[in-house]
Every structure is written in C-alpha cells, then in structure tokens.
Amino acid sequence: MKLSESQKLFLLESIRNVPDFPKAGVQFKDITTLTGDPKAFKMVIDHFAERYENAKIDFVVGAESRGFIFGAPLAMALGVGFVPIRKRGKLPYTTISEKYALEYGFNEVQIHMDAFSAIKNARALFIDDLIATGGTAEASIKLVEKAGAKCIEACFVINLFALGGADAVKRHTSFYSILDIDGE
Ligand code: AMP
C-alpha cells in the first residue's frame with residue numbers, strides 16, 4: 001500500500017538532520033532517530049515488505065552499514081536470505097570487488113563470491129538507507145550481478161534527489177525510494 005502524505009511527513013520528521021557532519025557543508029540525515037522510534041521503524045519495514053512480498057525475491061542485499069539495519073529485518077519479513085556488501089577487507093572468505101570514484105580518491109566494496117550460490121539465477125533486492133550520488137548503489141548492483149544474481153530493484157528510505165543518484169541506478173535496474181528530499 002502507498003504511504004499517505006501524513007505517514008511520509010511522520011517519517012521525515014523522525015529523521016534528524018545534522019549539519020556539517022562528517023564535514024562542513026554536508027547535511028547528514030541521521031536515521032538512528034527513525035530506527036529508535038518503533039512506530040517509524042515498523043512503518044518502513046512493513047512498507048518495503050508489502051511492496052516486495054510478491055516480487056519473487058530470493059535475497060535482500062544490504063550495503064554497509066546502514067543498509068544492514070533495514071535489510072536484515074526486511075529479509076526476515078520476506079522469508080529470504082540476507083547478503084551483506086562490505087567495505088574492502090571486512091569479508092573473510094573469497095570476495096569480488098568493485099571500486100568507485102569519490103570526490104577525492106575512491107572507495108571499494110566487496111561481496112562473497114558464493115553469496116547467491118544456493119539459488120540458481122537468484123533474484124536480489126538491493127537496499128540502503130540513503131542514496132546521494134549513487135556511487136555506492138551502482139558499485140553494489142554491479143557486485144550483485146558479478147556474483148551471479150539479478151538485481152531486480154534498488155530501494156532506499158531517502159533519496160537526496162538533487163545529487164542525481166536515481167539516474168545512476170536506473171542505468172542498471174529499477175529504482176524506488178520512500179522519501180525524496182531536496183538538497184544535500
Ligand atoms: P552515494 O554513494 O553518494 O549515493 O552515498 C550513499 C552512501 O553514503 C549511503 O550509504 C549513505 O548512508 C551515505 N550518505 C551519503 N550522503 C549522506 C547524507 N547526507 N546523510 C547520511 N548519509 C549519507
């Protein structure tokens with residue numbers, strides 16, 4: 001079911017904006033105030049679970065680290081497995097890597113090479129708390145495909161739409177966000 005405007009406003013107001021974190025000029029969207037409110041947290045997970053209950057998803061894939069907070073309960077609600085994508089050097093077994101450019105330098109994310117091996121042609125749903133430039137999501141979707149699954153959609157609680165991340169995602173898969181927020 002679609003969230004009403006008042007439900008969206010309630011979620012929006014449950015997210016704390018922290019100016020100049022982690023550096024000057026960034027408006028950090030702090031979702032710990034949302035997850036700390038059981039009504040808001042449940043509203044988000046229930047909404048995603050309803051959206052994907054008939055989507056024949058085999059795995060939910062979450063990006064470190066806030067993608068884990070939403071991805072794990074969603075996987076449980078859908079009755080499917082959860083696969084983590086982590087920063088370089090954190091996963092213990094054989095990994096596949098993907099680098100992506102930042103304003104200065106680059107980041108690298110990894111997935112276990114056998115993450116989807118239990119299901120042939122697995123269908124995966126990617127989730128993160130927020131999309132900004134889309135660099136993290138794009139690299140993560142590439143990893144999902146390299147590991148042998150099909151990413152059927154990438155979903156987010158918050159889309160900072162002025163930064164254009166949705167367009168980057170749409171080059172690879174379908175895009176969904178609950179809240180669209182202007183600016184950084
Ligand atoms: P990007 O790769 O630019 O789309 O950035 C998305 C990742 O960085 C996500 O994992 C977010 O959790 C985090 N992130 C980027 N910008 C913000 C922001 N303004 N507030 C909170 N998290 C952010």
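Order of listing sets the numbers, starting from 1, for every ligand and every atom in it. Since we're looking at a predicted model, the values are computed, not measured.
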Considering the heavy atoms of D128, write down every atom of ligand 1 situated less than 4.0 Å from one of them. 9 (C), 10 (O)
Do S97 and E108 have a side chain donor and acceptor closer than 3.5 Å? yes
Cation-pi check, R123 onto F59 ring (under 6.0 Å, within 45° of axis): no
F156-F70 aromatic ring centre distance below 6.0 Å: no
Side chain to side chain donor-acceptor pair (under 3.5 Å) involving S177 - partner list, sequence neighbours excluded: D180
Below 4.0 Å from ligand 1: does a non-hydrogen atom of L160 turn up there or not? yes
Using non-hydrogen atoms of the residue, decide whether G134 is closer than 4.0 angstrom to ligand 1. yes
Please report whether ligand 1 has a polar contact with T133, defined as an N or O pair separated by less than 3.5 Å (distance criterion only). yes
Side chain to side chain donor-acceptor pair (under 3.5 Å) with E98: which residues, sequence neighbours excluded? K146
State whether the shortest distance between N or O atoms of A132 and N or O atoms of ligand 1 falls below 3.5 angstrom. yes
Enumerate the atoms of ligand 1 whose separation from the nearest heavy atom of R66 is less than 4.0 angstrom. 12 (O), 21 (C), 22 (N)
Are Y100 and F106 an aromatic pair, judged by ring center distance below 6.0 Å? no
Where does T136 meet ligand 1, judged by heavy-atom distances below 4.0 Å: at the side chain, the backbone, both, or neither? both
